[in-house]
Amino acid sequence: MSIPDTLENFDVPAAVARMLDQPALWWQALALFVGHFADWEDAWLASVGDDAGERRLVHALRSAAANVGATKLSASAAALDDLLLQGQGGTAASVFESLRRQLQQDFRQAWRTADAALRLGRRESAD
């Protein structure tokens, strides 16, 4: 399967380049991202209040998003991940909530975009 020319908030060419310029590897990573993170939002929301647990989930998302080229999602996950790593000492709750809202929005957009691209790619390869 060829890679999409454009994918909203994804840098697909850079991700494919990191995967030895093999589009098949990117498609495999995208399928793993869609499958593995399908229930991520529920698990993450349940972890809020447990800084270590939340950080594990956010860090995993950060890494996976970067791997598939979901640049905006990776950046918003990185912001929250870094803040969770530092701990809440002196950080206003509103800052955390703002970062969480942004992460939730970026996650939903990236996951839906990845899922749609994967479905389209599978249809095209079946034709």
Side-chain angles (χ1 to χ4, degrees):
M1 280 188 284
S2 62
I3 61 170
D5 292 330
T6 60
L7 201 55
E8 185 179 3
N9 295 315
F10 279 73
D11 187 347
V12 178
V16 171
R18 285 190 305 275
M19 295 178 188
L20 307 173
D21 288 318
Q22 295 185 33
L25 292 178
W26 180 77
W27 283 111
Q28 288 174 351
L30 193 68
L32 288 170
F33 175 80
V34 168
H36 183 78
F37 290 94
D39 298 325
W40 179 86
E41 186 176 355
D42 290 336
W44 168 59
L45 291 173
S47 77
V48 172
D50 170 10
D51 288 355
E54 182 179 10
R55 182 167 183 272
R56 276 190 301 276
L57 289 167
V58 171
H59 187 79
L61 179 67
R62 172 187 188 172
S63 299
N67 191 45
V68 297
T71 54
K72 188 173 181 184
L73 175 58
S74 180
S76 61
L80 182 55
D81 186 23
D82 291 346
L83 197 57
L84 287 165
L85 181 61
Q86 294 169 13
Q88 294 197 28
T91 304
S94 62
V95 173
F96 277 94
E97 289 313 308
S98 176
L99 289 173
R100 286 181 179 123
R101 277 192 305 277
Q102 185 64 54
L103 179 59
Q104 185 175 38
Q105 180 182 34
D106 292 344
F107 171 76
R108 289 175 177 175
Q109 185 277 324
W111 190 90
R112 288 178 187 138
T113 298
D115 185 51
L118 190 59
R119 290 174 192 267
L120 181 62
R122 287 177 176 161
R123 276 196 304 267
E124 287 176 357
S125 69
D127 291 342

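For the numbers below, each heavy atom of this structure counts, side chains included, while hydrogens, waters and symmetry mates do not. Keep in mind it's a predicted model, so treat the numbers as computed, not measured.
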Evaluation steps, side chain to side chain contact (heavy atoms under 4.5 Å, CB included), between Leu80 and Gln102: CA-CA 9 Å; Leu80 182 55; Gln102 185 64 54; over 6 Å; no
Contact summary for Ala117 and Leu7, nearest pair of heavy atoms: CB-CD1, 3.8 Å
Gap separating the CG atom of Asp115 from the CZ atom of Arg119, nearest 0.5 angstrom: 4.0 Å
Which atom of Phe107 lies closest to which atom of Phe37, heavy atoms considered: CZ-O, 3.3 Å
Arg18 side-chain N/O to Ala66 backbone N/O, donor-acceptor pair under 3.5 Å: yes
Ala114 versus Phe10, closest heavy-atom pair with distance: CB-CZ, 4.1 Å
Pairwise distance CG(Leu73) to CD(Gln104) - rounded to 0.5 angstrom: 12.0 Å
Could you tabulate the donor-acceptor pairs under 3.5 Å formed by side-chain atoms of residues 21-36, not counting sequence neighbours?
{"from": "Trp26", "atom 1": "NE1", "to": "Val68", "atom 2": "O", "distance (Å)": "2.9"}
{"from": "Trp27", "atom 1": "NE1", "to": "Met1", "atom 2": "O", "distance (Å)": "3.4"}
{"from": "Trp27", "atom 1": "NE1", "to": "Ser2", "atom 2": "O", "distance (Å)": "3.3"}

Separation of Asp11 CG from Ser74 OG (nearest 0.5 Å): 11.5 Å
Note, Thr113 side chain near Asn9 side chain (heavy atom, < 4.5 Å): no
Atom pair CG/CZ of Leu84 and Arg100 - distance to nearest 0.5 Å: 6.0 Å
Any residue meeting side chain to side chain donor-acceptor pair (under 3.5 Å) with Ser76, in chain and number order, not counting sequence neighbours: Asp106
Any Arg123 side-chain heavy atom under 4.5 Å of Leu120 side chain: yes
Asp51 CG to Phe96 CZ distance, which is reported to the nearest 0.5 Å: 6.5 Å
Validation row: Arg62, Arg55 side chains within 4.5 angstrom (heavy atoms): no
ILVMFWY network linking Leu85 to Val48, side-chain heavy atoms under 4.5 angstrom: no
Leu57 backbone acceptor or donor facing Trp40 side chain under 3.5 Å: yes
Donor-acceptor contact below 3.5 Å, side chain Ser47 vs main chain Trp44: yes
